[in-house]
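This report refers to the structure that appears directly beneath it.
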Protein chains: 2
Amino acid sequence: MSGRNTVVSSLPARVPLAEYEACPVTEVFRRFGDKWTLVTLMLLSERTHRFNELQHRIEGISQRMLTRTLRALESDGLVQRTVHPTVPPSVEYSLTPPGRSLLGPLAEIAAWAVGREPG
Amino acid sequence: MSGRNTVVSSLPARVPLAEYEACPVTEVFRRFGDKWTLVTLMLLSERTHRFNELQHRIEGISQRMLTRTLRALESDGLVQRTVHPTVPPSVEYSLTPPGRSLLGPLAEIAAWAVGREPG
DNA sequence: CTGCATCCCTGCGGATACTG
DNA sequence: CAGTATCCGCAGGGATGCAG
């Protein structure tokens, strides 16, 4: 949407494609609209998890997708990855403060979604 | 996530795939994570639009995708489609009350997204 | 004007096998 | 244990053409 965002500010007569694709709000939904990001984030909101823990708690996720999901969250600065150089290696994932700050707004959406559930 | 939602309630030891996919919160993000739904919704939050108006205001969208996007929003009950049987036909799209009720939560996400923009 | 039908291309995501 | 590499199918989405 606008270079800032479309949800808050008023919209131009014609929404430029480039700006829309650069819109941070759009970006958020595209990120969390993928298959595994949301569950992963929610599990991490409980507590720190090891890689294997996550894989066992999320039914149906493959190693590949868990890795990709975590890497994406990490590069977004929402998740912190900590490697313990033991043998065998142990890697812990936890939410960063920005990651936690998302939980509030997320709960808003959740409340809305749940509120219109069946009827 | 859980049959209700994962964001609010506590998570099971193992998140069942079926329940996660049925989670309304997940569903919301998947819906709005697609390419055109968010802009469309935002334009409609301003006022009622005709099909052609929308297509001209959203740079880069194809007829096909605008149709699909609107149909999806309609079947979600977020958008109302009104056909005026004139020649040539005229079709108007507007937000339903449920559609409007989404704007608040959406603004929360927007604020969060904008808040962490560049730095 | 407002669509639907068709073709095609790309990227998401699953399955499997291999490494430090 | 925690990944990476490879292959591959499928759905999202663009371009174009036709229709009521």
Side-chain angles (χ1 to χ4, degrees), chain A residues 15-18 20-21 23 26-41 43-44 48-76 79-94, chain B residues 15-18 20-21 23 26-41 43-44 48-76 79-94:
Chain A
V15 181
L17 181 56
Y20 174 48
E21 289 181 338
C23 171
T26 305
E27 193 55 29
V28 170
F29 278 91
R30 291 205 76 107
R31 282 298 199 156
F32 293 93
D34 76 359
K35 193 162 182 182
W36 303 110
T37 296
L38 205 51
V39 226
T40 304
L41 203 84
L43 287 174
L44 291 179
T48 295
H49 281 73
R50 296 185 51 178
F51 184 90
N52 234 5
E53 274 183 311
L54 288 173
Q55 184 166 11
H56 282 92
R57 287 194 71 182
I58 306 174
E59 180 184 283
I61 198 172
S62 64
Q63 262 183 354
R64 169 192 157 91
M65 288 315 296
L66 181 53
T67 300
R68 289 178 68 122
T69 300
L70 288 168
R71 288 286 195 274
L73 284 170
E74 188 190 2
S75 79
D76 279 344
V79 159
Q80 162 133 35
R81 179 171 179 268
T82 310
V83 183
H84 301 280
T86 58
V87 181
S90 156
V91 182
E92 288 189 335
Y93 294 90
S94 56
Chain B
V15 181
L17 182 55
Y20 174 48
E21 290 182 338
C23 172
T26 305
E27 194 54 30
V28 169
F29 278 91
R30 291 205 75 108
R31 282 297 199 160
F32 293 94
D34 75 0
K35 192 164 184 181
W36 303 110
T37 295
L38 205 51
V39 227
T40 304
L41 203 83
L43 287 175
L44 291 180
T48 295
H49 280 73
R50 294 185 52 180
F51 184 90
N52 234 6
E53 275 184 311
L54 287 172
Q55 185 167 9
H56 283 93
R57 287 194 72 182
I58 306 174
E59 181 183 284
I61 197 172
S62 64
Q63 266 183 353
R64 169 193 157 89
M65 288 315 295
L66 181 53
T67 300
R68 289 176 67 121
T69 301
L70 288 168
R71 287 287 193 274
L73 285 170
E74 189 190 2
S75 78
D76 279 345
V79 159
Q80 163 134 35
R81 179 172 178 267
T82 310
V83 182
H84 301 282
T86 58
V87 181
S90 157
V91 182
E92 289 190 336
Y93 293 91
S94 57

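The structure displayed is predicted, hence computed values, not measured ones. In what follows, chains carry the letters A, B, and so on, assigned in the order in which the sequence lines appear, proteins first and then strands, with residues in each chain numbered from 1.
- Read 5' to 3', the first and last nucleotides of DNA chain C with an atom closer than 4.0 Å to a heavy atom of chain A are C:dG13 to C:dG20.
- Annotation: the terminal axes of the helix from C:dC1-D:dG20 to C:dG20-D:dC1 meet at 40°, where each axis is the rotation carrying the C1' atoms of four end pairs onto the next four (5 pairs per end, rounded to 10°).
- Using bins of under 30°, 30° to 60° and over 60° for the plane-to-plane angle, the ring pair B:Y93/B:F51 lands in the tilted bin.
- The side chain to side chain contact (heavy atoms under 4.5 Å, CB included) test applied to B:R64 returns B:S62, B:R68, not counting sequence neighbours.
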Query raised in the report: When you check every protein heavy atom under 4.0 Å of nucleotides 13-20 of chain D, what one-letter string (B, S, -) results, 5' to 3'?
Result: BBB----B
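- Partners of A:T37 according to the side-chain hydrogen bond (donor to acceptor under 3.5 Å, both in side chains) rule, which considers only residues two or more places apart in sequence or in another chain, are A:D34.
- Using a 4.5 Å heavy-atom cutoff, the side chains of B:V91 and B:T82 are not in contact.
- Here OH of B:Y20 is found 4.5 Å from OG1 of B:T26. Values are rounded to the nearest 0.5 Å.
- Counting to the nearest Å, the P atom of D:dA2 and the NE2 atom of A:H84 are 10 Å from each other.
- Note on A:Y93: every side-chain N or O is 4.0 Å or more away from OP1 and OP2 of D:dC1.
- With sequence neighbours excluded, the residues that form a side chain to side chain contact (heavy atoms under 4.5 Å, CB included) with A:S75 are A:R31.
- Per the geometry, CD belonging to A:Q55 stands 10 Å off C1' belonging to D:dC1, to the nearest Å.
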